[in-house]
Amino acid sequence: MDIKGKLIEIFDTTRVSDKFQKREFAVEYAENPSYPEYIKFELIQDKCGLLDQFHVGQEVQVHFNLKGRKWTDPQGNVKYFNSLQAWKIA
């Protein structure tokens, strides 16, 4: 999947554990300019550096995978989580 939009925020890389890091960024997606959408993506591991060559305000094309997880908490309640995992930015 991919979308084109304006890069509106770049966050620092966060080290989640000794073996895992991620970096988030937000894009303004204006398929309908009257109602823009603000979409947060994440980069993981060696992809975190992809943002280093971009700056806020720049138009970008983000290639990403839609990821989903199921988790059962200690009380037995099932919860679902989604993420947009970017793998290329142009």
Does [X] belong to the same Ile/Leu/Val/Met/Phe/Trp/Tyr cluster as [Y], with side-chain heavy atoms less than 4.5 Å apart forming each link?
{"X": "I39", "Y": "L66", "answer": "yes"}
{"X": "I8", "Y": "Y35", "answer": "no"}
{"X": "L51", "Y": "F20", "answer": "no"}
{"X": "I10", "Y": "L84", "answer": "yes"}

Nearest heavy atoms of [X] and [Y], plus distance in Å:
{"X": "D52", "Y": "R23", "answer": "OD1-NH1, 2.8 Å"}
{"X": "Q45", "Y": "K19", "answer": "NE2-O, 2.8 Å"}
{"X": "A86", "Y": "V62", "answer": "CB-CG1, 3.9 Å"}
{"X": "V16", "Y": "K22", "answer": "CG2-CG, 4.3 Å"}

Worked check of side chain to side chain contact (heavy atoms under 4.5 Å, CB included) between L43 and I89: CA-CA 10 Å; L43 296 160; I89 306 170; 4.2 Å; yes
Any chance you could measure [X], atom [atom1], to [Y], atom [atom2], to the nearest 0.5 Å?
{"X": "K79", "Y": "R69", "atom1": "NZ", "atom2": "CZ", "answer": "15.0 Å"}
{"X": "I3", "Y": "E37", "atom1": "CD1", "atom2": "CD", "answer": "9.5 Å"}
{"X": "H63", "Y": "L50", "atom1": "NE2", "atom2": "CG", "answer": "11.0 Å"}

Between the main-chain N or O of D46 and the side-chain N or O of Q21, is there a donor-acceptor pair closer than 3.5 Å?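 No: the side chain of Q21 does not pair with the backbone of D46.
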For residues 24-32, run the donor-acceptor check on the side chains, cut-off 3.5 Å, and write out each pair with its distance to 0.1 Å, sequence neighbours left out.
from: E28; atom 1: OE2; to: Y38; atom 2: OH; distance (Å): 3.0
from: N32; atom 1: OD1; to: S34; atom 2: N; distance (Å): 3.1

Can you list, by chain and residue number, the hydrophobic cluster partners of W87 when the side-chain cut-off is 4.5 Å?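 None; W87 is a cluster of one.
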Sequence neighbours left out, what passes ring-ring contact (aromatic ring centres under 6.0 Å, His included) with F64? Give chain and number order.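 F64 satisfies ring-ring contact (aromatic ring centres under 6.0 Å, His included) with F41 only.
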